[in-house]
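Taking it in order: structure first as structure tokens, then the write-up.
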Amino acid sequence: MSGDHSHNEEQIDCGSRVNDSHKHKDKYKDKEHKHKDHKKDKERDRLKHGNSDHKDSSDKKHRDKEKMKHKDGSTDKYKDKHKEKRKEEKMKSLDGKIKKEKENGFASPPHVKSEPEDDFYHSPKHERSLKRERDVDDNDSEFKPKKIKTENEKKAKKRKQDEDIKSKKTKVKKGEVTDGKKKGKKEPEEKWKWWEEERYTDGSKWKFLEHKGPVFAPPYDPLPNQVKFYYDGKTMKLSPEAEEVATFFAKMLDHEYTTKDIFRKNFFKDWRKEMNSEEKAKITDLKKCNFAEMSEYFKAQSEARKAMSKAEKLKIKEENERLLQEYGFCIMDNHKERIANFRIEPPGLFRGRGDHPKMGMLKRRIRPKDIIVNCSKDSKHPEPPPGTKWKEVRHDNKVTWLVSWTENIQGSIKYIMLNPSSRIKGEKDWQKYETARRLKKCVDRIRSQYHEDWKSKEMRIRQRAVALYFIDKLALRAGNEKEEGETADTVGCCSLRVEHIKLYPEKDGQEYVVEFDFLGKDSIRYYNKVPVEKRVFKNLQLFMENKEPDDDLFDRLNTSILNKHLQELMDGLTAKVFRTYNASITLQQQLKQLTSADENIPAKILSYNRANRAVAILCNHQRAPPKTFEKSMQNLQTKIDAKRDQLSDAKRELKSAKADAKVRRDEKSKKAVETKKKAVERIEEQLMKLEVQATDREENKQIALGTSKLNYLDPRISVAWCKKWSIPIEKIYNKTQREKFAWAIDMADDDYEF
DNA sequence: GCGAATACTTAGTACAAACGTA
DNA sequence: TACGTTTGTACTAAGTATTCGC
């Protein structure tokens, strides 16, 4: 691998994070909450670079030429940032479009539908499954993407096979990870190992799908009469429609949101739409509205909920469990699968992240007539609530969702889909890591290619090459275009603007430093100073020439151009594969470097967390420091101090016991020495555990490990590491995570290589 | 070939549940 | 057992990438 991708190669000193300066660019200061500071300079300084200091002569030559192109640049209209709002049209056209039902002609699963109610969901154990064809040989590591070109030839064969139901394998693989609790707990019948079966190759996602539809938000429950709303100091009874929206605001009164102009403006506008004419005439100024009693009422309710008796709480729990059992599962291809989100999102006020222009708008209640249901033709279709109708029932087995509706804030579609532990999600996840592993095999070639492209005569190619370099080196997101004014102003690589970077020919003793400062996904700030190669630096200077701060840095590039190019370099390659690849390879390398054989389990786990942390830093996964952070740190320190005292006491006792034994020379005192010795050892271990915990927590203050663990790190790396060092897998993955990664836990051996 | 629509993954946070301790 | 802390889960926004339809 080339040396400039050193985040993959050098140990990252996560322990050295210093949370000092929260003083970055002023322009972000007032931008409310979480433009969290990055203090990552240190970690990132590790990104060393070989200097490619051959004189960049060709560059100069092209510059004038390019400048010309640039000025008249109108011909390449890759970017059209100022699009018109199209939401209304979108909404209108939706109704008409979705009418046409697709005939998929999939083989109807023969037996499930007609089964009696009590056997509605049968346990995997007893069933015979539809065998699905796998497009590869049995080699785990060669999980090919589904969209292979050979589809057609296989189709015929496949269909035949589908009808021919085979019994499924249930062999248990060797080398199961130690799972201490497993036996004792109720992990019931044998889990279905979908990863040992063949996959669909015809683009269909399932052959049979049956479910009970969504759970709707409970209807609005009007406030008791004694809870008053006041307008301009006078009590006023609101119509239920207006009252409901008012309660949304009242519930958020303590939140900073409700003080923001945009939030208030949006809320008020939408609230007025729900008022009757009388209310509309009267309520004209939000400032004159007094929601205090409502707010108090809801606080009291929440207190009451907390103070409920055990029995009452149990009752609620049982009701939830009942709902889960009834609506939380579906049958997909003969297997009972958990649904991720079977509840429809309740109405409320939209809370966008960052400076969202739509914050405070009313998110309206979703009703059956908004709902599109997707299931098999021959399944028992879900019933809409009495007296209502679905918008549509369709049978599209080319998609994975069960239910969808269009949300009113952005006009986007929301879906109900399966849990990450499901076959359909798991296969996709596995496939994702296989694509990343394929990138591993050709990443050197790709890197040398984009190095070459920095010298290209064509501006568009140089821009593409520099952008790709950032994506690869810094794990930046692709940066799709967004509709201006519809969302918070955030960017990714391709959508970076001139104002987001600063160039320093020399800074802090390093040459050619680029300073990044922008808001990325979720308005999380990305701040980083990176030394880059001279050619990159010169290119950037050129890209920025004659541009305004709010002009696009890469004006001849967008994500679709970039991805088209990547597709040519490797089948299935897109910008985001680099993030997956770099995250996983970093974990693997860090684990190798940080784990030492002679350490005990807590220390090894600290190493694991540090490796995980290195990835989280690379991917810029941040979190707000927990509210109780300082306090819990303090508590931990108190514990550590106490333990230290305890240790010195124990040591003293040991010493005197030894002295005693020397004098007495009898069995009893010898034994006493042994006991004291053991006590000292025990306390030392406890102390060490606490200290490790403190270090870990401190280093984790504002870094979120979960996101990378769940989405970027090939779980087989972690599983292999656990197996290699005999670490119980549940030290690394909790129950949910173990379910999600069941395939990896089952298939990876201790020598797995990403 | 393009913009729009759609499908699906990735993301941080709020709050509930579980856990540990006095 | 009560309480405070930690951990896990649900929720849903915000991305990426592909597909659709003209």
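So that the names make sense, note that chain A is the first sequence line, chain B the second, and so on, each numbered from 1. Since the model is a prediction, treat every value here as computed from it, not as a measurement.
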OP1 or OP2 of [N] versus the side-chain N and O atoms of [X]: is any pair under 4.0 Å?
| X | N | value |
| --- | --- | --- |
| A:T574 | C:dA17 | yes |
| A:R623 | B:dA11 | no |
| A:R351 | C:dA14 | no |
| A:Y712 | B:dA11 | yes |
| A:T490 | C:dA14 | no |
| A:K205 | B:dC8 | yes |
| A:T487 | C:dA14 | no |
| A:K576 | B:dT10 | yes |
| A:T707 | B:dG12 | yes |
| A:K432 | B:dC8 | no |
| A:N480 | C:dT16 | yes |
| A:H356 | C:dA13 | no |

Have a look at [X] and say if it touches a base, only the backbone sugar-phosphate, or nothing, with a 4.0 Å heavy-atom cut-off.
| X | answer |
| --- | --- |
| A:K709 | nothing |
| A:P346 | sugar-phosphate |
| A:G520 | sugar-phosphate |
| A:A575 | sugar-phosphate |
| A:G492 | nothing |
| A:S560 | nothing |

So that I can tick it off, tell me whether [Y] and [X] are bridged by a salt bridge, with the cut-off set at under 4.0 angstrom between side-chain N and carboxylate O.
| X | Y | answer |
| --- | --- | --- |
| A:E318 | A:R322 | no |
| A:D370 | A:R367 | no |
| A:E486 | A:K482 | no |

Test of understanding: with salt bridge (Lys or Arg N to Asp or Glu O under 4.0 Å), list the residues that count as partners of A:K363, not counting sequence neighbours. A:E345
Of all the nucleotides listed ([options]), which has the minimum atom distance to the side chain of [X]?
| X | options | result |
| --- | --- | --- |
| A:R305 | C:dA13, B:dA16, B:dA11 | B:dA16 |
| A:T400 | B:dC8, C:dT12, B:dG12 | B:dC8 |
| A:K425 | B:dT9, B:dT10, B:dA7 | B:dT9 |
| A:I413 | B:dA18, C:dG15, B:dA7 | B:dA7 |

Which atom pairs link the protein and nucleotides 4-7 of chain C when you take only N or O atoms and keep those under 3.5 Å?
from	atom 1	to	atom 2	distance (Å)
C:dT5	OP1	A:K631	NZ	2.7
C:dT5	OP1	A:N635	ND2	3.3
C:dT5	OP2	A:K631	NZ	3.2
C:dT6	OP1	A:R697	NH1	2.9
C:dT6	OP1	A:R697	NH2	3.4
C:dT6	OP2	A:S632	OG	3.4

Quick one: list whatever passes side-chain hydrogen bond (donor to acceptor under 3.5 Å, both in side chains) with A:D714, sequence neighbours left out.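 Testing A:D714 for side-chain hydrogen bond (donor to acceptor under 3.5 Å, both in side chains), a comparison that skips the adjacent residues, returns A:R716, A:Y752.
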